[in-house]
Undergrad: 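Structure below; questions to follow.
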Amino acid sequence: MAYDRYVAICNPLHYPVVMSRTLCHTLITISYAYAFSESFVAVYCLSTLHFCKSNIIHHFFCDTNPILILSCSDTRDIDIMIVVLASSTLLVSFITVSVSYVFIITTILKMKSTAGKKKAFSTCASHLLGVTIFYSTMNFTYLKPSKSYSLGKDQIASVFYTIVIPMLNPLIYSFRNKEVKQALIRVMQKRGSGRHVR
């Protein structure tokens, strides 16, 4: 999405040509291939562990840290591997988004129209908000050793990035829409006036 925003703002007339179906399919394929290969490595490493404790995973889904806690094996190497994989994913994503937004902000600041600047910043703000919230919880969850796993905190973080953020995305992106903003203002005004009547 960062590249999409970059092309839409920095090269708007070339957008249909640059963001072709082929490029979109290529970007999606690369993302899925990287995610699949990273997951495959993690699953393979987890499959080499020995388990002698309880087989009950204290989590909402089968995540790596709760599995590592159940293992009797030495998990230091796998901990390091998971941190390296997570760090590389987050670093590549962070660099891609950051470089795109440096170019976007540079282009926006060169615009002469105030309305154009406002529209461009509005377009980017929703994406940046979604990315920031998502990656903050991912950092909290995966960039730490499994020994520091906390049942309550990590479960809340995982619920946040698997359920709350995907539910917030439509809201975050729809606030750019004028009709949605006006409807929200009307609802808030009705609630405000309803309180004063009582």
Side-chain angles (χ1 to χ4, degrees), residues 1-42 63-64 81-144 157-188:
M1 281 195 69
Y3 183 70
D4 177 70
R5 298 282 185 254
Y6 163 74
V7 174
I9 291 172
C10 297
N11 299 310
L13 298 177
H14 298 286
Y15 182 84
V17 175
V18 174
M19 291 303 292
S20 64
R21 274 192 180 286
T22 306
L23 179 64
C24 290
H25 288 195
T26 303
L27 292 173
I28 290 170
T29 302
I30 290 170
S31 298
Y32 274 99
Y34 182 78
F36 178 76
S37 61
E38 189 174 289
S39 298
F40 179 77
V41 170
D63 205 3
T64 53
M81 185 267 317
I82 289 171
V83 168
V84 167
L85 289 175
S87 299
S88 66
T89 301
L90 292 170
L91 191 62
V92 168
S93 299
F94 179 76
I95 289 171
T96 303
V97 170
S98 298
V99 168
S100 294
Y101 275 98
V102 165
F103 285 118
I104 288 169
I105 290 170
T106 303
T107 301
I108 291 172
L109 293 176
K110 290 178 184 175
M111 291 179 178
K112 292 178 177 51
S113 163
T114 306
K117 285 181 182 180
K118 185 177 179 182
K119 184 176 180 183
F121 274 124
S122 171
T123 300
C124 297
S126 56
H127 177 246
L128 276 177
L129 180 63
V131 167
T132 302
I133 294 170
F134 182 74
Y135 281 110
S136 297
T137 55
M138 295 296 280
N139 283 335
F140 174 80
T141 303
Y142 292 107
L143 294 183
K144 62 181 182 178
S158 64
V159 165
F160 207 77
Y161 78 78
T162 57
I163 297 172
V164 175
I165 293 172
M167 287 173 48
L168 284 177
N169 275 340
L171 290 174
I172 291 170
Y173 289 110
S174 65
F175 282 135
R176 290 186 355 228
N177 186 321
K178 286 182 185 177
E179 290 83 18
V180 172
K181 286 181 187 175
Q182 291 170 351
L184 182 64
I185 290 170
R186 284 194 304 270
V187 167
M188 298 302 275

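For clarity, every value in this text was computed on a predicted model and none was experimentally measured.
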Undergrad: Roughly how far, to the nearest 0.5 Å, is the OH atom of Y3 from the OG1 atom of T96?
TA: 11.5 Å
Undergrad: Tell me, please, which residues at least two apart from L13 pass side chain to side chain contact (heavy atoms under 4.5 Å, CB included).
TA: none
Undergrad: Can you give the donor-acceptor pairs under 3.5 Å from side chains of residues 15-22 to other protein atoms, not counting sequence neighbours?
TA:
residue	atom	partner	partner atom	Å
Y15	OH	D4	OD1	2.3
S20	OG	L23	N	3.3

Undergrad: Return each pair, listed once, that meets ring pair (Phe, Tyr, Trp, His ring centres under 6.0 Å) where at least one residue sits in residues 88-116; pairs must be two or more places apart or across chains.
TA: Y6-F103, Y101-H127
Undergrad: My understanding is that only residues two or more places apart in sequence, or in another chain, count here; which of them pass side chain to side chain contact (heavy atoms under 4.5 Å, CB included) with T107?
TA: I9, C10
Undergrad: Would V7 and H14 count as a side chain to side chain contact (heavy atoms under 4.5 Å, CB included) here? Give the steps.
TA: CA-CA 8 Å; V7 174; H14 298 286; 5.8 Å; no
Undergrad: Does S88 have any side-chain hydrogen bond (donor to acceptor under 3.5 Å, both in side chains) partners at least two apart in sequence or in another chain, and if so, which?
TA: Y34
Undergrad: Using side chain to side chain contact (heavy atoms under 4.5 Å, CB included) as the criterion, list what pairs up with K117, not counting sequence neighbours.
TA: I108, M111
Undergrad: Just one of V83, L90, L85 clears the side-chain contact (heavy atoms from CB on, under 4.5 Å) bar with S87, so which one?
TA: V83
Undergrad: V102: which residues meet the side chain to side chain contact (heavy atoms under 4.5 Å, CB included) condition with it, sequence neighbours left out?
TA: T106
